[in-house]
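The sequence lines fix the lettering, A, B, ..., with proteins before strands; numbering per chain opens at 1. What's counted below: heavy atoms across the whole structure, side chains too, no hydrogens, waters or symmetry copies.
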Amino acid sequence: MLRNNIQKVIEEAFRQGIAEGVLPDVPIPASHQVVSPKQEVHGDFASNLALITASEAKRSPRDLAGCLAKILEVNPLFHKVEVAGPGFLNFFVAATWWQENLRTIWGAGDSYGESLTGNGQLVHLEFVSANPTGPLHVGHGRGAAVGDSLARVLKAAGFSVETEYYINDIGNQMRTLGTSVYLRYLEHFGHDVEFPKDYYQGDYIHDIASIIVSREGNKYLDTPLESCLTSFIDTAVEIISSDIRKDLEEFRVHYDNWFSERTLHDSGLVDKTISELQDKGYMFEEEGALWFKATALGDEKDRVVKRSNGVLTYFASDIAYHRHKLERGYDLLVDIWGADHHGYVARVKAIIKALGYQEDKLQVLLVQLVNLLEGGKIRAMSTRAGEFVTLREVLDDVGSDAARFIFLTRRCDSHLDFDLDLAKRQSQENPVYYVQYAHARLSSVFRNAVEQGISLAEPQDIDISLLNTPEDIKLLKQLDALPCLVADAALALEPYRVSYYLTKLAGQLHGYYTRHRFITDNPDLTQARLLLAHVTRIVFRKGLELLGVSAPEKM
RNA sequence: CCGCCCAUGGCUCAACUGGAUAGAGCAGCGGACUUCUAAUCCGCAGGUUGCAGGUUCGAGUCCUGCUGGGCGGACCA
């Protein structure tokens, strides 16, 4: 986590320069950034401090940078500090520092990569929340991977996280679901029924009907729909929910809470919240319906909360649900939705404001749709027609590891082409194996070491200065970057960065592996390299764990 | 008609949120296994960042207007 140290060192040097009168007395802007430059010739880290203070200081950036460099170059952390380009400060870190850092990582062990960046702030993460009207499809899978991995990343970065699945277990579509099953139930007994097009068409409806048949026989045959609908709904929801949970479990997605929409109504919170918003003047009646004045809070339309037939809309539940979440005392709410729900963002933000909170209390991440490719062709997906590729199907086909990794290789607001053939292929083209293989190779090195009776010494007894080739230093730098990367990914709510990091680390490890041997004729060198291998393995395990992907010891 | 998202080598994507000469992986071509796993590595080639303006020391990134694609826009969910 050298980057943060360097930032502090630079800012201290700046204050020192002010005290000595060689630098102008201006504040350090919050936009001061220490970054690792794209180009190696620009050093290990670069600072833009001189550039961003120049105008306020009324001095040239290069002039300021020069003064800073003079103060900083005596620091033993650096072997070189230079002024470059328009006024960047480039820092070249001494090799001994990178080598020394190996012991730090060793000491941190499995907790390496974690930080206190989040300061224990409480984050609520809601994701997937698919209606229990059918199995999860690939799109939900992407949301699940993103949400679960984000939770892991946030925790590692020192946030407290609660994950939650919101279950829409009430309302119109529950009626439709129950009726769909009821009709299939009648069909089962040879009744000729007309099955409406906009009802749930999927095969799983037949399956549920069969289960009811085997459990309860024909007892509902002579019962009018109205008096048995509830039990059809309950059974359907029970079966579908439990399948959803099974799928998520196999996908290594964990939830702290399962939140039922029904409880919002039963507890009276929906009515209570609506009447409070009414008192605040955010509601009005028109044409017999009750409306939420969303346009007053940045939405483009006002939204119906209670229809003229007296039935509450889903939006009414959303209002109560978000109020419930807000009052549970989180510092931040994160909702992860499919991108097709983007039209909802403004109205939910309007709720947040109406309830008296800052709108940035809620961050909505929109996960773009997934194109599933098979044989080079896109498999079309339509939800109600029942023609969708389920998450279950993908899991059975390519496995949890490949699926999760692929879902987490792209920024979530970019469309994702999920190539089923590629995901199954065990080769270079498949990024999962590339990373996992790196971990397996390292594990294999240790198996060989044990066979040869070599065990790793205590780090303080190892001559780490032997790790001095360019490949060593590159690897050491990459290992150092993990905690910063995790912290950045957490703050940006972008778990995909971890997969990028790991792919790059794997590349470096594979390069190292072909060029150098870990177990050599020289016992001292072997110890140093085994320490490097050990620590690199720690980082792979950590990174893969953050993605929810396994780290196999053999492949 | 209105709103949101996207546009970067043949393909799929990066670019640390405004930084330096736009980087990877596939696919293509050429090389590397008597030594810890070749599910690997090394090299070559590939670009006016969709178009046109603007903002400033500096733009793939920000603002405006186009073009093309995706998704939304019910007292449906």
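In terms of polar N and O atoms assigned as donor or acceptor, the side chain of A:His342 comes within less than 3.5 Å of the base of B:rG3 in a complementary pairing. Put simply, the side chain of A:Asn168 and the base of B:rA77 share no donor and acceptor less than 3.5 Å apart. No hydrogens or angles were tested; on distance alone, nothing pairs the side chain of A:Ser414 with the base of B:rC6 as donor and acceptor under 3.5 Å.
B:rC33 sits 14 Å from B:rA39 when the C1' atoms are compared, rounded to a whole Å. Going from the C1' atom of B:rA24 to that of B:rA15 covers 10 Å, rounded to whole Å. For B:rG18 and B:rU56, the C1' atoms lie 10 Å apart once the distance is rounded to whole Å. Here, B:rU64 and B:rC5 have their P atoms 11 Å apart, quoted to the whole Å. Taking the P atom of each, B:rG19 and B:rA59 are spaced 11 Å apart, rounded to whole Å. Nucleotides B:rC6 and B:rC71 place their C1' atoms 10 Å apart, quoted to the nearest Å. A distance of about 8 Å separates the C1' atoms of B:rG68 and B:rG50, rounded to the whole Å. Spacing between B:rA7 and B:rU61 at atom C1', rounded to whole Å, works out to 13 Å.
When distances run from any side-chain atom of A:Val35 to the nucleotides B:rC16, B:rC41, B:rC36, the shortest one goes to B:rC16. Taking the side chain of A:Arg307 as heavy atoms from C-beta on, and the options B:rG19, B:rG73, B:rA77, the nearest nucleotide is B:rA77. Picking from B:rA38, B:rA14, B:rG3 the nucleotide with the shortest atom distance to the side chain of A:Glu300 gives B:rG3.
Atom CD1 of A:Ile462 sits about 9.0 Å away from atom CG of A:Leu467, to the nearest 0.5 Å.
Judged by distance alone, with hydrogens and angles left aside, the side-chain atoms of A:His534 form no donor-acceptor pair with the main-chain N or O of A:Leu530 at under 3.5 Å.
Rounding to whole angstrom units, CG of residue A:Leu422 and C1' of B:rU12 are separated by 9 Å. If you take CZ of A:Arg62 and P of B:rA20, they are 16 Å apart, rounded to a whole angstrom. One can place CG of A:Leu509 at 12 Å from P of B:rC42, the figure rounded to the nearest angstrom. Atom CD in A:Gln368 sits about 10 Å away from atom P in B:rG72, given to the nearest Å. The distance from atom OH of A:Tyr200 to atom C1' of B:rC76 is 10 Å, rounded to the nearest whole Å. For the pair A:Tyr344 OH and B:rA77 P, the computed distance is 7 Å after rounding to whole Å. For A:Arg515 and B:rG43, the CZ to C1' distance is 11 Å, given to the nearest whole Å. The CG-C1' distance, from A:Leu51 to B:rG58, rounds to 9 Å in whole Å.
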Identify all pairs in which a protein N or O lies below 3.5 Å from an N or O of nucleotides 60-65 of chain B, and state each distance.
none

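Salt-bridge check for A:Arg3 with A:Asp488: passed, with a basic side-chain N closer than 4.0 Å to an acidic carboxylate O.
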Applying side-chain contact (heavy atoms from CB on, under 4.5 Å), run through A:Phe159 and A:Leu332 and close with a yes or a no.
CA-CA 10 Å; A:Phe159 291 86; A:Leu332 177 67; over 6 Å; no
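Within 4.0 Å (heavy atoms only), A:Ala440 reaches at least one base atom of the nucleic acid.
The aromatic ring of A:Phe88 is not stacked on the base of B:rG19, since the criterion of ring centres less than 5.5 Å apart with planes inclined by under 30° is not met.
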For RNA chain B, please output the secondary structure as dot-bracket, reading 5' to 3'. Pairs are Watson-Crick or G-U wobble, both atom distances under 3.5 Å; mark crossing pairs with [ ], other-strand partners with |, unpaired with a dot.
(((((.(..((((.....[...)))).(((((.......))))).....(((((..]....)))))).)))))....
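Under 3.5 Å, the side chains of A:Glu261 and A:Ser317 contain a donor-acceptor pair of N or O atoms.
The glycosidic torsion of B:rC42 lies more than 90° away from 0, placing the base in the anti range.
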